[in-house]
Protein chains: 4
Amino acid sequence: MGEPADNTRTDELIIRIGRGASGDSAGPTGKRAAIVQAATGLFLRQGYQGTSTDQIAAVAAVSKQTVYNQFRDKKTLFAEIILGVTATAERFAAELPNEITGVRAADDVEPALRSLAHRYLSTVLNPQVLALRRLIIGEASRFPELASEYHRRAPARVLAALADVFSRLADRGLLTGDPSDAAEDFAFLVLGPALDHGMFHVDDDPMPEPAVRRAADRAVAVFLAGYRRPS
Amino acid sequence: MGEPADNTRTDELIIRIGRGASGDSAGPTGKRAAIVQAATGLFLRQGYQGTSTDQIAAVAAVSKQTVYNQFRDKKTLFAEIILGVTATAERFAAELPNEITGVRAADDVEPALRSLAHRYLSTVLNPQVLALRRLIIGEASRFPELASEYHRRAPARVLAALADVFSRLADRGLLTGDPSDAAEDFAFLVLGPALDHGMFHVDDDPMPEPAVRRAADRAVAVFLAGYRRPS
Amino acid sequence: MGEPADNTRTDELIIRIGRGASGDSAGPTGKRAAIVQAATGLFLRQGYQGTSTDQIAAVAAVSKQTVYNQFRDKKTLFAEIILGVTATAERFAAELPNEITGVRAADDVEPALRSLAHRYLSTVLNPQVLALRRLIIGEASRFPELASEYHRRAPARVLAALADVFSRLADRGLLTGDPSDAAEDFAFLVLGPALDHGMFHVDDDPMPEPAVRRAADRAVAVFLAGYRRPS
Amino acid sequence: MGEPADNTRTDELIIRIGRGASGDSAGPTGKRAAIVQAATGLFLRQGYQGTSTDQIAAVAAVSKQTVYNQFRDKKTLFAEIILGVTATAERFAAELPNEITGVRAADDVEPALRSLAHRYLSTVLNPQVLALRRLIIGEASRFPELASEYHRRAPARVLAALADVFSRLADRGLLTGDPSDAAEDFAFLVLGPALDHGMFHVDDDPMPEPAVRRAADRAVAVFLAGYRRPS
DNA sequence: AATGAATGAGTATTCATTCAT
DNA sequence: TATGAATGAATACTCATTCAT
């Protein structure tokens, strides 16, 4: 049951991004969706400045002016795409608590946390997610508002969901310590090394499954040393 | 005297970066240094694509052709600057072990680790360092080689230095566990939250000193729960 | 009684212009009128090239295609507006002779001419009239036919009306000289300086009433020195 | 003696305009001069908005960027051209008083004034001068500062020179009345009709010499009726 | 008759780079 | 080595006009 990590493959992410902004149904908005899809891919691959509106129009098979009719300017298109994608992160955050619903007071939390850690890490290591992160970080000084808003809506919301999870586990007598602190420590024990590596190594093959699992397990071990309630 | 965090102030960093590439003093190659210094500041503030060679030449008070005489093209200049700056990180890594030189077998490691964590965090939170990180991450898909080389020489080298530190502490019977794992966990417990925040919030005021200290102390506590040798 | 100068206020002029082309009242062709009105204001304020059909459609609250359905193209719309406005000038010319209807042979022409001069000058100094003049002059090389046609129908017709007036006054023994020459001299003595100034000073406050009156009076004095019949 | 009207022919005016702005000598500034010359002709023929920078560069046989290297932007180029041309007007104004230097107290002013009027009218009717006037008037709402500055430097300065002339003639007992009023009345009696016609009739053949002379003579007659000192 | 969406050519301006001196 | 002037290709964005509905 545990790891549906593959439901965040590239294509699907792009489609979700494309749907985020407005109604679709393939009718008159087909062009708008095509633009969003094309622009998303191009921005992720080439960056904001590296992508020209000509390119976007060409890839979307649309005239340049249609791009401008739909999105006032390049900045607006960019912002709409970036904020559109947060829906994915929000969905992920909303699903997080489900990971531990079955855990009872008498159980050992470790397996549940390993599963959670694994899912979390797999999601973040998705190449598209990494590329998005790079994109936003790289444009943070050009779009400071957008960057901080993204952070608030995506990574910070996931952290809040984690804190919620840990708070409930504390209620059941399984963990101790401040839930927000726990969330941060958990998150960066799990993600830290791989995310750091992923930010700087664009062309590397994705981390193989067993390595992901090992990293998750190890992070959970250290985390529990600090936060497991002594029995 | 513990934390000489201030030796990484903005101006100095730039100067160090500027000197990294070709160690000439004033002389006729002052121009080269001027170009590097100007370009470093501009790249950090405006990004690679956001900075024009006109601007660089203007800020360096040099003709545009001089820039091309010295650096073949913009990419070369950029790469040389980025790799030049790793010298700073290497120096930092080289100094890390000194932090714990005085720790004896009978001592408590906690104060030394707190000091180390604080220094580490302060260094990484320096606005210039954050800007450099953003810059390289943002250009990682345009300069993949450069990004991974930077990572290898700077953050990874610091991790190796940390691993070395922890290995020595293990030898003295103060810590347990795999030193490399310990280094990663330590690093991301310390840096994780603040670095993540710093990547996305460009305009925020820098984290105030007491908060930095608290974060460092908390990270050390969790770290030691997992890695302190049981006595 | 004397000077109904105010019947050439801004709003009214626009409305008159708007109605000039097709005399429909509200109904389904209210759209046409709305377009004309919107375009008139925009052309006067921003010029022909400075006004886009998008803007016209937006201000008229009409779709862009509706503009094209009604007016074939931008040039046609412009021409129709310019020629529509000549109706105003023609009306003005037609009313001019009334100014001196009451003058009898024994009377002094001076008061009547002063009143005429004042009304003439006030009319021409109306900001909308000045803007229209600037507009047509500025587009004269793009629309040579239109410009000369406008001149024929508007300023030249007023000159003809003046000549008619002076001819009648000559018949009553009050003036001498060629009526056409008199009309020209009168017109440019009255209008010359203010009109010249008005063409080049867009943002200036309108000439204050007393100054208008003084200019008119002075022009009449010089005119009469040349054209009053010696008694 | 009287009429050197032909020294203001088209080509020469353009050259003078071109020389107005900065040093030349056909050396490295040859390109700058070429740009100014090309732009002057294009602006006069097609207006500001109707002339593209591509066109300017093409006609000047220069790359587009060279245009931007020499003149920050299109507006700057336009302004420099317009203000450059005022030098011509200033020269004309400075020479005006020479027209009447030979007039003695006992002489009849009429011949001198006729000559002056003729020269004045011929100059203003030059097609290039008319085109320049149309250009500035047409762009007055886009460049209000420029338009009023031009008026101050060119037509207004000529009026001041005329006032100076009339003041000196009054000193010699030949004229009466306020010199400034006299200047205005003279100017518009002379120029009025032809200038008005010229603003709106772009393609017309230039006014034939005899007609110019007649117009000048007639204007002087009316002027003297109002301003000749009664003896 | 009216619309919203679309188009292709054109706008001013800037780019990284090179040439003549 | 250093420069100022020059280049051609690209930039984001706008234009007048037309098509499907």
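Labels below follow one simple rule: chain letters A, B, ... track the order of the sequence lines, proteins then strands, and each chain is numbered from 1. Given the structure is predicted, the values throughout are model-derived calculations rather than measurements.
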(message) Can you list every stem that DNA chain E is part of, counting only runs of 3 or more consecutive Watson-Crick or G-U wobble pairs with both distances under 3.5 Å?
(response) E:2-21 with F:2-21
(request) Sequence neighbours left out, what passes salt bridge (charged side-chain N to carboxylate O under 4.0 Å, His left out) with Asp54(D)? Give chain and number order. (result) Lys64(D)
(request) Report yes if a side-chain nitrogen or oxygen of Gln55(B) is closer than 4.0 Å to either non-bridging phosphate oxygen (OP1 or OP2) of dT14(E); otherwise report no. (result) no
(request) Ignoring the backbone of Asn69(A), work out which of dA6(F), dT3(F), dA6(E) is nearest its side chain. (result) dA6(E)
(request) Find the distance Gln70(A):CD to dT7(E):P and express it as a whole number of Å. (result) 11 Å
(message) Protein within reach of the bases, or only the backbone? For nucleotides 16-21 of chain E, mark each nucleotide 5' to 3' as B, S or -, using heavy atoms under 4.0 Å.
(response) BBBB--
(request) Report the residue from Arg32(C), Glu80(C), Lys31(C) that forms a side-chain hydrogen bond (donor to acceptor under 3.5 Å, both in side chains) with Gln70(C). (result) Arg32(C)
(message) For Ser148(A), give me all partners under side-chain contact (heavy atoms from CB on, under 4.5 Å), at least two apart in sequence or on another chain.
(response) Arg152(A), His201(B)
(request) Using side-chain contact (heavy atoms from CB on, under 4.5 Å) as the criterion, list what pairs up with Asp73(D), not counting sequence neighbours. (result) Tyr68(D), Lys75(D), Thr76(D)
(request) State the CZ-CD distance between Arg45(D) and Gln128(D), to the nearest 0.5 angstrom. (result) 8.5 Å
(request) Check step by step if side-chain contact (heavy atoms from CB on, under 4.5 Å) holds for Tyr48(A) and Lys74(A). (result) CA-CA 9 Å; Tyr48(A) 174 77; Lys74(A) 200 187 172 189; 3.7 Å; yes
(message) From CD of Gln46(B) over to P of dT14(E), roughly how many Å is that when rounded to an integer?
(response) 14 Å
(request) Between Ala61(D) and Gly50(C), name the one whose nearest nucleotide on DNA chain F is closer to the 5' end. (result) Ala61(D)
(message) If I take atom CZ from residue Arg134(D) and atom CD1 from residue Ile136(C), how far apart are they, to the nearest 0.5 angstrom?
(response) 13.0 Å
(request) Could you tell me the separation between the CD1 atom of Ile56(B) and the C1' atom of dC15(E), rounded to a whole number of Å? (result) 12 Å
(request) Return yes if some donor-acceptor pair links the side-chain N/O of Thr66(A) with the main-chain N/O of Val62(A) below 3.5 Å, else return no. (result) no
When the side chains of residues 138-147 of chain A are checked against the rest of the protein, which donor-acceptor pairs come out under 3.5 Å, sequence neighbours left out?
{"residue": "Glu139(A)", "atom": "OE1", "partner": "Arg142(A)", "partner atom": "NE", "Å": "2.9"}

(message) Measure CZ/Phe71(D) against C1'/dT14(E) and give the value in whole Å, please.
(response) 18 Å
(message) Less than 4.0 angstrom between a side-chain N/O of Thr66(B) and OP1 or OP2 of dA2(F), yes or no?
(response) no
